[in-house]
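Since the model is a prediction, treat every value here as computed from it, not as a measurement. Note that ligands are numbered from 1 as they come in the structure, with each ligand's atoms numbered from 1 the same way. Positions are given from 1 along the sequence.
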Amino acid sequence: MALAATDRPPGTAADWTIPQDWAGYTPREHAVWDLLFARQTGMLKDRASEAFRRGVEHLRLSEKGIPNFEDLSERLARRTGWRVVAVPGLVPDDIFFDHLANRRFVAGRFIRKQEQLDYLQEPDVFHDLFGHVPLLSDPVFADYMQAYGLGGLKALRLNALDKLARLYWYTVEFGLIAEPGGLRIYGAGILSSSGESRFALEDKSPNRLKFDLMRVMRTHYRIDDYQQTYFVIDNFEELLHQTRDADFTPLYRQLEALPDLAPDAVIPSDRMLSRGTQNHAYRGKFQ
Ligand code: PHE
Ligand code: FE
C-alpha cells in the first residue's frame, strides 16, 4: 500500500534519505554481497544485456564488498549524472518519483541474510545496486528512468498510477531485450534473481511478447512469483521514444475504456515471440 508523508521514520531527511553508514556493515554482510555477486555474474554471462555488462565494468562493481554509495555515485555521475541515495525502505510514490526525476536512484542499505539468498519480500541493497544501477550508466536508459519519474508525478495527478506502474514492472523490473546474439535480460528483478534469470529466458512456461505500450499498461502482474509474461524490446531508444515522447494523458483515458488483462492473457494483436505453456505452478494471486 502507498505510504504517506506522515510515516517518515525518525532520523530520515525530508526527502526520506538516510546515510548509508558504509562503515557499519559487518564482514558477514560484505561476504553475502560477494557470494551473491559471484553467483549472479556467473549466471548472467550469456544472459544479461550488453548494457548491463558494460555498466558492471564501468562502475567497477566486481570490487569486493557492498559498494560505498558515495564512490559509486561519483563513477555513475561522470557517465550519466545519476547518483545513488540510501532510504530506509519503501518511500511514498511522490518522493520516489521526485528522486528519479532528479536523477537520484533510491536504494535500500540493508542486505539479506545468508539464509535468505534466494527469496526476500523487500528489495535489499543487492537488488537495488546490482539489479538497477548498471543500467543507469547507459545514457539512453538513464534518460528513460528520469522521464519515468516525471511521468510518475503526472500519473499521480491523473490518478493513473496503477497503469503506469505496470510499465515500470514490465520494463525496469522484468524487461527482456532482443540482441543480435539472442534474448537478453535488462530487468532488475530478473538480474538479481538466479532462479528467474534462467526461467525468464529458457523456461517453456511464460509467454514472451513484443513490447507494446498500451498492452503493457493493461496487464496485471505477479508480485510473489516469476512472471507469466515477459515483454521484449528491440533497444532502449525505442523504449525511450515511445514513452518520453508521447503524451500519456489521452492514453490513460483510452485505457479506462479497455479491460485489464490477466498476467497470462493472449490477445489477437499480440506479437508473440514464444507462446508459453503456463505449466509453472504459480503461487498466490496477481495484482
Ligand atoms: N511522456 C509520458 C507522459 O506524458 C511520461 C513518461 C515518460 C512515462 C517515460 C513513462 C516513461 O505521461
Ligand atoms: Fe527494483
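The shortest contact between atom 4 (O) of ligand 1 and any protein heavy atom is with K154 NZ, 2.6 Å. Atom 5 (C) of ligand 1 has G151 CA, 3.5 Å as its closest protein atom, hydrogens excluded (heavy atom only). Protein heavy atom closest to atom 12 (O) of ligand 1, with residue, atom name and distance, is F248 CB, 3.2 Å. If you check which protein heavy atom lies closest to atom 7 (C) of ligand 1, you get A147 O, 3.4 Å.
An N or O contact shorter than 3.5 Å links T243 to ligand 1 by distance. For ligand 1, none of its N or O atoms has an N or O atom of Y252 under 3.5 Å away. Residue-to-ligand polar distances place A246 within reach of ligand 1: an N/O pair is separated by less than 3.5 Å.
Checking Q20 against R109 by side-chain atom types alone, no donor-acceptor pair falls below 3.5 Å. For the residue pair Q40/S197, the side-chain donor-acceptor check at 3.5 Å is satisfied. A donor-acceptor pair shorter than 3.5 Å cannot be found between the side chains of E179 and Y186.
Looking only at its N/O/S atoms, E173 has OE2 as the one nearest to the Fe ion (ligand 2).
Close approach of ligand 1 to D247 is summarised as follows: ligand atoms under 4.0 Å from at least one heavy atom of the residue are 4 (O).
By the 30° and 60° cut-offs, the orientation of the rings of F199 relative to Y226 is tilted.
Atoms NE2 of H127 and NE2 of H132, as seen from the Fe ion (ligand 2), are separated by an angle of 90°, to the nearest 10°.
For the side-chain hydrogen bond (donor to acceptor under 3.5 Å, both in side chains) with S192, the lone residue among H132, E173, H127 that qualifies is H127.
Residue K210 qualifies as enclosed at atom NZ: its count of foreign heavy atoms under 6.0 Å is above 12. Heavy-atom contacts from other residues, nucleotides or ligands closer than 6.0 Å to CZ of R271 number 12 or fewer.
Of the inter-residue distances, the one linking M43 atom CE with R39 atom CZ reads 7.5 Å to the nearest 0.5 angstrom.
Contacts of L167 with ligand 1, taken as heavy-atom pairs under 4.0 Å, involve the side chain alone.
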